[in-house]
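Because the structure is predicted, anything quoted here is derived from the model rather than measured. The sequence lines fix the lettering, A, B, ..., with proteins before strands; numbering per chain opens at 1.
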Amino acid sequence: MSEVKKSLNFIEQIIEEDLKENYSREQLKFRFPPEPNGYLHIGHAKSICLNFGLGEKYGAPVNLRFDDTNPIKEEQEFVDSIKEDVLWLGFKWDKECYASDYFQQLYDWAVQMIRDGYAYVDSQPSAVMAEQKGTPTQPGVNSPFRSRTIEENLDLFEKMKNGETEEGVHVLRAKIDMASKNMLMRDPVMYRSLHKKHHRTGNNWMIYPLYDWAHGQSDFTEQVSHSLCTLEFVMHRELYNWFLKVIDTKDQLNPKQTEFARLNLSYTVMSKRKLAELVNKNIVSSWDDPRMPTISGLRRRGYTPASIRKFAETIGVAKRDNVIDVSLLEFCIREDLNKIAPRVMGVLDPVKLVITNYQEEKEEWLETENNPEDESAGTREIPFSKELYIEREDFKEEANRKFFRLSLGKEVRLKSAYIIKGEKVVKDENGEIIEIHCTYDSQSKSGSGTEESLRKVKGTLHWVSVKHAVEAEIRLYDRLFNVESPDTDKEKSYMEFINPDSLQIVRGYVEPGLKAAGVSEKFQFQRIGYFNVDKDTTEDKLVFNRTVALRDSWGKQNQ
RNA sequence: UGGCCUAUGGUGUAACUGGCAACACGUCUGUUUUUGGUACAGAAGAGUCUAGGUUCGAGCCCUAGUAGGCCAACCA
């Protein structure tokens with residue numbers, strides 16, 4: 001047996017190198033650090049799977065850390081939904097942490113930095129500070145407050161903290177280099193004064209740290225060994241390391257920041273701001289609308305945790321910008337559902353089929369398999385009678401030999417039932433077919449073993465008995481945007497590429513057993529696709545979401 | 001006009017410096033099939049952005065160019 005050796009991604013290679021040199025295996029620790037200001041999406045799922053996946057691979061702890069340093073945007077509601085999503089994906093964090101838990105430590109370090117001459121209070125309007133910052137090609141100039149005395153800085157900083165100064169007039173800045181090529185090193189702001197209640201610390205703090213100051217120190221405090229983030233933070237790494245150097249980090253492990261490319265998915269957008277706009281403008285109904293690439297949206301759409309984890313594993317991780325084709329995500333969910341989803345009968349666009357030689361009142365319960373991919377799934381019985389619904393597109397009055405379905409004078413098999421032959425059509429005054437009449441071969445019952453039943457017919461149709469059918473609302477989803485990369489057009493806004501037909505609602509019929517299906521239960525409607533019960537389902541209204549259609553080489557051929 | 005990151009089939013990810021590049025999705029062909037699904041078998045599709053250089057030998061190293069991305073919130 002030859003083992004196919006799975007190659008390591010660049011992050012694993014870095015970790016392996018570190019393990020050879022300065023890190024011990026016990027020191028490895030990771031974290032997933034969301035800001036609780038919105039719902040998680042499939043891009044976050046990539047990061048979650050990366051961090052927790054590394055934790056699993058190396059047997060290392062992974063913290064869930066809420067980066068809650070901005071009380072204006074953050075709320076408990078989001079903390080709860082984030083926890084739910086991570087858990088749903090199947091991961092367990094070691095510690096639940098909050099950057100706000102480190103506010104005192106951060107403050108103490110900041111005071112020490114002031115004493116050491118590494119930080120000062122600036123008292124200029126933000127517009128003036130922006131002016132002094134310079135541009136990528138021009139160095140900035142020093143703030144007139146840069147040389148305040150340590151005592152004055154300490155005094156002012158404490159007053160800021162207590163809310164004794166006016167909101168917004170002072171900030172604490174790191175004293176680095178206004179001429180640095182790296183704009184982030186030009187005396188970045190560490191604290192702003194915000195007289196705002198925080199969802200966890202209440203009114204204890206009237207100053208709040210900014211990302212660069214809080215993040216690395218949080219990693220350090222938790223002794224995270226490898227701090228993974230997306231590419232837009234590469235320039236921040238220099239500052240990240242500077243802060244670590246300036247506070248007293250000797251004798252303890254210094255976290256290492258490594259950046260990877262964020263996920264982009266074709267035919268959708270991925271930023272919280274843009275997703276929020278879709279919700280706010282009622283283009284979708286909510287954050288968990290099944291068309292949304294949010295984790296809650298995918299969950300409601302019928303995606304499984306396993307399929308998302310498989311997807312994350314398949315796309316890999318690297319440093320170049322990418323756009324993953326949604327067809328890969330669809331492949332992952334089909335692959336999973338094919339193995340686990342029970343097969344059922346459901347007709348989306350019904351037309352009545354009358355079997356003229358079948359007894360009027362007769363009904364039979366026919367045995368059918370629940371899942372041909374899984375014998376242990378067993379069988380069930382479904383009712384058959386004289387009048388059935390079949391799919392409108394499964395019939396054509398005249399058809400060429402490539403059409404394997406029902407037409408006049410031709411035979412097809414009704415799945416798990418009998419072989420029938422098309423005889424005539426009944427139309428209304430507009431020429432619309434309202435009934436199809438056929439005859440059945442009573443000897444051809446599925447599984448009966450008779451010679452007739454063994455006859456080969458080229459097509460098999462799904463069907464539902466009219467008398468027993470259960471009506472259901474079925475929501476058919478399509479991509480939200482008409483172009484692969486809606487938010488990269490230089491002139492046009494992504495809002496101009498919205499697909500107006502991303503949701504189609506139809507009324508169909510399903511087999512009676514589905515009346516008892518519970519919310520989020522998943523099925524394959526045979527020959528159509530995978531569906532799951534939506535939470536809008538009530539006692540007297542059954543609602544299904546189409547997760548994804550089956551692959552369809554016939555439909556493709558006919559495009 | 002500055003700095004940083006990146007560049008391999010349509011898409012994504014590989015290739016421990018050395019045998020004109022592998023895997024997955026997608027595309028196309030067949031076989032099987034009571035799902036035009038699944039499964040199975042097979043095919044097409046890149047000569048690794050360009051130009052130099054180092055080397056016996058480069059997709060991997062170096063230089064320059066080109067292209068794309070990121071950077072001047074009291075956002076993260």
Side-chain angles (χ1 to χ4, degrees), chain A residues 4-9 33-35 37 67 69-70 72-74 122 125-126 129-131 133-140 167-173 180-184 186 188-194 207-208 210-212 214-215 229-238 259 261 263 266 272 314-332 334-335 338-339 343 345 368-369 372-373 402-405 412-417 419 446-447 453-454 456-462 484 488 524-529 549-557:
Chain A
V4 185
K5 205 167 181 186
K6 243 196 103 206
S7 54
L8 302 176
N9 64 49
E35 182 189 10
N37 71 340
D67 221 336
T69 57
N70 188 351
I72 294 169
K73 302 199 297 188
E74 294 147 6
D122 200 345
S126 60
M129 282 173 52
E131 189 81 12
K133 200 140 197 171
T135 69
T137 51
Q138 284 176 304
E167 189 175 58
V169 320
H170 306 290
V171 292
L172 185 75
R173 290 230 255 173
S180 173
K181 300 272 191 205
N182 184 347
M183 298 293 290
L184 290 158
R186 324 246 261 224
V189 174
M190 293 169 66
Y191 279 98
R192 74 280 224 188
S193 61
L194 275 177
I207 53 170
Y208 291 94
L210 274 88
Y211 169 84
D212 287 298
H215 202 92
C229 61
T230 46
L231 249 27
E232 64 269 30
F233 291 101
V234 284
M235 298 306 292
H236 294 249
R237 191 174 61 229
E238 188 180 1
E259 312 83 13
L263 167 68
S266 63
K272 279 182 198 166
T314 306
I315 60 175
V317 56
K319 295 186 76 158
R320 57 173 154 166
D321 293 324
N322 61 80
V323 181
I324 310 284
D325 202 314
V326 267
S327 66
L328 181 60
L329 219 208
E330 293 177 346
F331 167 80
C332 292
R334 282 196 194 102
E335 186 187 41
N338 177 48
K339 288 177 299 193
R343 298 326 102 123
M345 302 274 206
T368 186
E369 64 208 335
E373 302 295 312
K402 291 181 83 177
F403 187 77
F404 297 172
R405 308 177 183 184
V412 288
R413 154 81 59 191
L414 290 175
K415 173 78 182 170
S416 299
I419 292 173
S446 289
S453 74
L454 266 19
K456 295 286 176 201
V457 288
K458 56 187 174 185
T460 301
L461 307 187
H462 60 277
E484 263 193 52
T488 54
Q524 183 198 89
F525 286 8
Q526 269 176 131
R527 304 210 303 133
I528 299 181
L550 250 31
R551 281 189 63 201
D552 181 11
S553 49
W554 167 247
K556 200 179 295 173
Q557 204 178 106

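The glycosidic torsion of B:G47 lies within 90° of 0, which places this base in the syn conformation. The glycosidic torsion of B:A73 lies within 90° of 0, placing the base in the syn range.
Rounded to a whole Å, the CD atom of A:Glu484 is 13 Å from the C1' atom of B:C25. Spacing between atom CD1 of A:Ile315 and atom P of B:A14 amounts to 11 Å, rounded to whole angstrom units. A:Asn9 has its CG atom 14 Å from the C1' atom of B:G12, to the nearest Å. The NZ atom of A:Lys319 sits 12 Å away from the P atom of B:A14 (whole-angstrom rounding). One interatomic measurement links the two molecules: CD of A:Glu238 to P of B:C5, which rounds to 11 Å at whole-angstrom precision. For the pair A:Arg237 CZ and B:G3 P, the interatomic distance rounds to 17 Å; values are reported in whole Å. In this structure, A:Asp321 atom CG and B:A67 atom C1' are separated by 12 Å, rounded to whole Å. The CD-C1' distance, from A:Glu259 to B:G69, rounds to 14 Å in whole Å.
Considering only heavy atoms from C-beta on, A:Glu167 comes within 4.5 Å of A:Leu194 through its side chain. In this structure, the side chains of A:Leu414 and A:Met345 stay at 4.5 Å or more apart for every pair of heavy atoms. Put simply, the side chain of A:Ser446 reaches to within 4.5 Å of the side chain of A:Arg413, judged on heavy atoms. The shortest distance between side-chain heavy atoms of A:Arg527 and A:Lys415 does not fall below 4.5 Å. Looking only at side-chain heavy atoms (C-beta outward), A:Ile315 and A:Leu328 come within less than 4.5 Å of each other. When side chains are defined from C-beta on, A:Leu329 does not count as touching A:Ile324, because their heavy atoms never get closer than 4.5 Å. In this structure, A:Glu238 and A:Leu184 have side chains that are not in contact, with every pair of non-hydrogen atoms separated by 4.5 Å or more. Taking 4.5 Å as the limit, some side-chain heavy atom of A:Tyr211 sits within range of a side-chain heavy atom of A:His236.
In this model, a donor atom of one side chain and an acceptor atom of the other lie less than 3.5 Å apart for A:Ser327 and A:Asp325.
B:A46 makes up no base pair with any nucleotide shown, lacking Watson-Crick or G-U wobble contacts both under 3.5 Å. Shown here, B:C4 forms a base pair with B:G69; the pair counts as Watson-Crick or G-U wobble because both key distances fall under 3.5 Å. Pairing of B:C40, defined by two Watson-Crick or G-U wobble distances under 3.5 Å, is identified with B:G30. Across all strands shown, the partner of B:C23 is B:G12, judged by Watson-Crick or G-U wobble contacts whose two distances both fall under 3.5 Å. In this structure, B:C60 makes no Watson-Crick or G-U wobble pair, since no nucleotide meets both defining distances under 3.5 angstrom.
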Q.
Please encode protein proximity along nucleotides 34-43 of chain B as a string of B, S and -, counting only heavy-atom distances under 4.0 Å.
A. BBBBB-----

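Between the P atoms of B:C71 and B:U27, the separation comes to 36 Å (whole Å). To the nearest whole angstrom, the two C1' atoms, one in B:A24 and one in B:U63, are 36 Å apart. The P atoms of B:C62 and B:G69 are separated by 25 Å, rounded to the nearest whole Å. B:G68 sits 32 Å from B:C25 when the P atoms are compared, rounded to a whole Å. If you take atom P in B:G10 and the same atom in B:G47, they sit 8 Å apart, rounded to whole Å. Nucleotides B:G19 and B:G57 are separated by 14 Å at their P atoms, to the nearest Å. Atom C1' of B:C28 sits at a distance of 22 Å from the matching atom of B:U35, rounded to the whole Å. Here, B:A41 and B:G9 have their P atoms 27 Å apart, quoted to the whole Å.
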Give each protein N/O atom lying under 3.5 Å from an N/O atom of nucleotides 72-76 of chain B, with the pair distance.
unit_1, atom_1, unit_2, atom_2, d
B:C74, N3, A:Gly168, O, 3.2
B:C74, N4, A:Gln124, O, 3.3
B:C74, N4, A:Gly168, O, 3.1
B:C75, OP2, A:Arg192, NE, 3.0
B:C75, OP2, A:Arg192, NH2, 2.7
B:C75, O3', A:Arg192, NH2, 3.3
B:C75, O2', A:Asn70, ND2, 3.3
B:C75, O2', A:Lys73, NZ, 2.9
B:A76, OP1, A:Thr69, OG1, 2.6
B:A76, OP1, A:Arg192, NH1, 3.4
B:A76, OP1, A:Arg192, NH2, 3.3
B:A76, OP2, A:Tyr211, N, 2.8
B:A76, O3', A:Asp67, OD2, 3.2
B:A76, N6, A:His236, NE2, 3.3

Show the distances under 3.5 angstrom between N or O atoms of the protein and N or O atoms of nucleotides 46-48 of chain B.
none

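Between A:Lys319 and A:Leu231, the shortest heavy-atom contact is O-CD2, 3.2 Å. Nearest heavy atom pair, residue A:Asp122 against residue A:Arg173, reads OD2-NH2, 3.1 Å. Here the closest non-hydrogen pair linking A:Lys402 and A:Trp554 is O-CZ3, 3.4 Å.
As judged by a 4.0 angstrom heavy-atom cut-off over every strand, A:Leu231 is placed among residues making no nucleic acid contact.
Heavy-atom distances to RNA chain B give each of A:Gly316 and A:Leu328 a nearest nucleotide, and the one nearer the 5′ end belongs to A:Gly316.
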Q: With side chain to side chain contact (heavy atoms under 4.5 Å, CB included) as the test, would you mind laying out the steps for A:Glu74 and A:Glu35 before giving the verdict?
A: CA-CA 7 Å; A:Glu74 294 147 6; A:Glu35 182 189 10; 2.6 Å; yes

Q: Go through the steps to decide whether A:Arg192 and A:Asn70 satisfy the test side chain to side chain contact (heavy atoms under 4.5 Å, CB included), and finish with yes or no.
A: CA-CA 10 Å; A:Arg192 74 280 224 188; A:Asn70 188 351; 3.5 Å; yes

